[in-house]
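In what follows, a single structure is set out as structure tokens and then discussed.
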Amino acid sequence: MNIDLQIRNGVSAALKALYSEVLNPDNIQTQLTRKEFDGDLTVVVFPFLRFSKKSPEQTASEIGDYLVNEIDLIVGFNVVKGFLNIVVSPNYWLEVLYANFTDSNFGFTKSTDDSPLVMVEYSSPNTNKPLHLGHIRNNLLGYSVSEILKANGNRVVKTNIVNDRGIHICKSMYAWLKSGKNETPENSGKKGDHLVGEYYVQFDKLYKQEVAGLMEKGMSKEEAEANAPSMKGAREMLLKWEDNDTEVRELWQKMNSWVYSGFDVTYKKLGVDFDKIYYESETYTVGRDEALRGVEEGIFEKHDDGSVWANLENDGLDQKILLRSDGTSVYMTQDIGTAKLRYNDYDISKMVYVVGNEQNYHFQVLSVLLDKLGYEWGKGLFHFSYGMVELPHGKMKSREGTVVDADDLVEGMIEVSKKTSEELGKLDEYSEQEKNEIYRKIALGALKYFILKVDPKKTMLFNPEESIDFNGNTGPFVLYTYARIQSILRKARETNIEWSDKVNNVKPEAKELELIKKINTFPEVVSDAANNFSPAVVANYCYDLVKEFNQFYHEFSILKEENDDIMKFRLQLAQTTALVIAHAMSLLGIECPERM
RNA sequence: GGUCCUGUAGCUCAACUGGAUAGAGCAGCGGCCUUCUAAGCCGCAGGUUGUGGGUUCGAGCCCCGCCGGGAUCACCA
């Protein structure tokens, strides 16, 4: 049995035997003993003093004596202040290592047909411009959280809601019609999403010129903004779109399809994917119908001008508009429709929205609205809210050209990776194709790790100039350790060493025990990551594990060890470490190269 | 103004959810490659955890006040 559980049960029994108090083992906590003290696991006895009515030291000693007598695996203990440090038999840790070594699925729980089904929405781009750094954090978090949920025995449906309709895409369409000269991705060689994005920027420029011109002629700012021909043109296109105007719809479809093929390239490069894609052009009508049903059933109010509102003041929120006076729907309405469709399509146990914290209020409102509309799952939706990515000079602003483009960023990372690799010259014997594959893995590992290692809730800073480090607490450092282990295992295989059998006559060194214990906490890390929706937990664990391994690696030789049993044991230790690294990194969407 | 988030070394981030002397990396300084990958290892230096109270055997973490940063409160998405 798991030693942690044995100790908690033991402490519970000790409290009963010594002080006649009953405490559920679940309410007793153990922690790994800090390295500067002797022992493996530590129980803090301060909470028990009210039972024992004795000093912390004496209480800890009494419980320690009890545990040593009652539990075979506990071979000793020491007491420092109120901390009971328990020494576990080294044989136990050998057993633990071997069990983990032989479990190819170590740390993960497989899902079954009965497992909860979690739908994770992430990415959710607009179709008027390419993906940027902010989207990257979103995509990486969404993908990683999906993997983490899967590893905890959930079925996961990754979904993407594409905002393919609205005034923004009409702006790009307007500018393209006006000055596009029939430019296409094919005849220009430009990536589709970038091409459409360029026209969006063009529209903005044109619009500003027009507004400035009109203001010079004496119009107020508001008048000028409303009367700028470009804006009028875009609005007109939106109305035509809603009217199913053939020409507008065809252009819309054409330009969106360019964007989609561009997005596909970026998604593929990032290594993210989706099981089901929804389009707002297909869900917004469902939302509109829901809003109208709400009016009929007296849940919402229709104002004199025809607009539809939800009054949420009794829920501590404000008034929220659901349909404009012209009957068109807003973002919130679309989200209601999308949610309804999803629950029709899937037997969802939990809905997760990976969306930035700027929309906290939106999801609070969405949850209440769905609840009012009678959907019992409304209250249960979970907004996985994450912080913004900032640049050294503040936020990204498209108008100021400070947006970090996703494609450029990835390409830049690959360049750095290539340059670093070439300088080190460890891959000279490989083909170009093999090398490029390794550069790509390292570059993406660096980028993903860099972004995922910070607590999702927090705003994070990204400095493109300094680029991303490849030393220290970084993705490449973790990957490097993995590659290093693979190198050892390759050499062991080449010399026909066999190390899969269990070894018994080994007394592990302190550093080896620390490594085994670190490995053994992996399953707990996987569940913590899911409970907290935090890939950062996994990344930080990777770093600790790898640091521990490198210390071991430096201190002890594996293949030159003369004692066969010890060599086998160390190979098992190394291989298990590599397995855990690969598993942990896979939760972050990072692939480990076999050499680097 | 209301609501929510946030403040830890020069910089970027941790701290097992209230436990031992707050830890890493980068940047700086100094060591370690005829030995399994030096993208590594070891050492030095760097802190009144924004601030003042409170709760507790114990607070970076919980509560209250203040100060600084951010988000949001649209017939935008």
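Quick note on labels: first sequence line is chain A, next is B, and so on, each numbered from 1.
- For the pair A:His383 and A:Asn360, the minimum side-chain heavy-atom distance is below 4.5 Å.
- Closest approach to the A:Leu461 side chain among B:A39, B:C13, B:A20 is made by B:C13 (side chain taken as heavy atoms from C-beta onward).
- A distance of 6.0 Å or more separates the ring centres of A:Phe363 and A:Phe382.
- Counting distance only, with no hydrogens placed and no angle test, the side-chain atoms of A:Lys426 and the base atoms of B:U37 include a donor-acceptor pair under 3.5 Å.
- Residue A:Arg324 places at least one side-chain N or O closer than 4.0 Å to OP1 or OP2 of B:C76.
- At a cut-off of 3.5 angstrom, counting only N and O atoms as typed in the model, there is a donor on one side and an acceptor on the other between the side-chain of A:Ser421 and the base of B:A39.
- When rounded to the nearest whole Å, the span between NZ of A:Lys457 and P of B:C61 equals 15 Å.
- The side chain of A:Lys547 contributes an N or O atom lying less than 4.0 Å from OP1 or OP2 of B:G25.
- A residue-by-residue look at A:Asn360 and A:Asn550 shows that A:Asn360 has its nearest nucleotide of RNA chain B further toward the 5' end.
- A:Tyr353 places a side-chain heavy atom less than 4.5 Å from the side chain of A:Leu366.
- Rounded to an integer number of Å, the gap from CZ of A:Arg34 to C1' of B:A15 is 8 Å.
- Residues A:Ser281 and A:Trp252 are in side-chain contact: their nearest non-hydrogen atoms beyond the backbone lie under 4.5 Å apart.
- Contact between the side-chain N/O atoms of A:Tyr480 and the OP1/OP2 oxygens of B:A39 is found at a separation under 4.0 Å.
- Ring geometry for A:Tyr284 versus A:Trp241: interplanar angle of 30 to 60°, hence tilted.
- With ring centers used as reference points, A:Phe552 lies under 6.0 Å from A:Phe549.
- Residue A:Tyr541 places no side-chain N or O under 4.0 Å from the OP1 or OP2 atom of B:C16.
- Between the OH atom of A:Tyr430 and the C1' atom of B:U37 there is a distance of 11 Å, rounded to whole Å.
- Pairing partner, B:G10: B:C26, with both Watson-Crick or wobble hydrogen-bond distances short of 3.5 Å.
- Phosphate contact (OP1/OP2 of B:U17, side-chain N/O of A:Asn532, threshold under 4.0 Å): absent.
- With a cut-off of 3.5 Å on both pairing distances, the Watson-Crick or G-U wobble partner of B:C4 is B:G70.
- When the P atom is used for both B:U21 and B:C16, the distance is 16 Å, rounded to whole Å.
- Under the Watson-Crick or G-U wobble criterion, with both distances below 3.5 Å, B:G19 is paired with B:C57.
- Note on ring orientation: taking the six-membered ring where Trp is involved, the planes of A:Phe533 and A:Phe384 are tilted (angle from 30° to 60°).
- B:C64 has its base anti relative to the sugar, with a glycosidic angle deviating from 0 by more than 90°.
- The phosphate of B:A39 (OP1 or OP2) has no side-chain N or O of A:Arg595 nearer than 4.0 angstrom.
- Below the 3.5 angstrom threshold, one finds no donor paired with an acceptor across the side chain of A:Asp318 and the base of B:A74.
- Nearest to the side-chain atoms of A:Ser307 among the listed nucleotides B:G19, B:C75, B:U37 stands B:C75.
- Distance noted for atom P between B:G46 and B:G23: 14 Å (whole Å).
- Comparing the C1' positions of B:G70 and B:G50 gives an interatomic distance of 15 Å, to the nearest angstrom.
- Per the geometry, CG belonging to A:Leu391 stands 15 Å off P belonging to B:G70, to the nearest Å.
- B:G52 and B:A59: their C1' atoms are spaced 15 Å apart (whole Å).
- Under the stacking criterion of a centre-to-centre distance below 5.5 angstrom and an interplanar angle below 30°, A:Tyr543 is not stacked against the six-membered ring of B:A24.
- Side-chain to base pairing of A:Ser325 with B:C75: one donor and one acceptor N or O lie within less than 3.5 Å of each other.
- Each of B:C13, B:A39, B:C75 was ranked by its minimum atom distance to the side chain of A:Asp305; first place goes to B:C75.
- With both pairing distances under 3.5 Å, B:C41 is matched to B:G31 as a Watson-Crick or G-U wobble pair.
- Residue-to-nucleotide proximity on RNA chain B shows that, of A:Pro456 and A:Val546, the 5′-proximal contact is made by A:Pro456.
- Between B:C4 and A:Gln364, no contact under 4.0 Å exists linking OP1 or OP2 to a side-chain N or O.
- Comparing the P positions of B:U8 and B:C62 gives a spacing of 15 Å, expressed to the nearest Å.
- Where stacking is scored as ring centres under 5.5 Å apart with planes under 30°, A:Phe37 registers as stacked on the base of B:A20.
- B:A45 and B:C29 are spaced 8 Å apart, taking the C1' atom of each and rounding to whole Å.
- To the nearest whole angstrom, the two P atoms, one in B:C44 and one in B:C26, are 16 Å apart.
- With B:A20, B:A77, B:U37 as the choices, the nucleotide that has an atom nearest any side-chain atom of A:Ala483 turns out to be B:U37.
- Comparing B:U37, B:A77, B:C26 against the side chain of A:Asn471 picks out B:C26 as the nearest.
- Side-chain to base pairing of A:Thr42 with B:A20: one donor and one acceptor N or O lie within less than 3.5 Å of each other.
- In this structure, A:Asn531 reaches neither bases nor backbone, as no heavy-atom distance under 4.0 Å exists between it and the strands shown.
- Between A:Arg484 and B:A38 there is a side-chain N or O to OP1 or OP2 distance below 4.0 Å.
- Here B:C26 presents its P atom at 13 Å from CZ of A:Phe450, a figure rounded to the nearest Å.
- Considering only side-chain N and O atoms, A:Lys458 lies nowhere under 4.0 angstrom from the phosphate OP1 or OP2 of B:U12.
- Here the P atom of nucleotide B:A15 and the CG atom of A:Asp528 are 11 Å apart, to the nearest Å.
- Picking from B:C36, B:A39, B:U21 the nucleotide with the shortest atom distance to the side chain of A:Lys81 gives B:U21.
- A straight line from CZ of A:Phe556 to P of B:C41 spans 16 Å, rounded to a whole angstrom.
- Side-chain proximity of A:Val44 to the nucleotides B:A14, B:G19, B:C36 is greatest for B:G19.
- Taking only side-chain atoms of A:Asp469, from C-beta outward, the nucleotide of B:C16, B:C26, B:U72 with the closest atom is B:C26.
- A:Ile442 comes within contact range of at least one nucleobase, with a heavy-atom separation under 4.0 Å.
- The aromatic rings of A:Phe51 and A:Phe48 sit parallel, their planes meeting at an angle under 30°, below the 60° perpendicular limit.
- In summary, of the residues considered (A:Leu131, A:Val162, A:Ile169, A:Asn163), a side-chain contact (heavy atoms from CB on, under 4.5 Å) with A:Asn126 occurs for A:Asn163 alone.
- B:U21 takes the anti form, because its glycosidic angle lies more than 90° either side of 0.
- Side-chain contact between A:Tyr553 and A:Glu548 is absent, with no heavy atoms from C-beta onward closer than 4.5 Å.
- Annotation: B:A22 and B:C61 have their C1' atoms spaced 12 Å apart (nearest Å).
- Within the 4.0 angstrom heavy-atom criterion, base atoms lie near A:Phe46.
- Aromatic stacking is not marked for A:Phe477 over B:A39, as the cut-offs of 5.5 Å for the centres and 30° for the planes do not both hold.
- Atom OH in A:Tyr449 sits roughly 11 Å away from atom P in B:A14 (whole-Å rounding).
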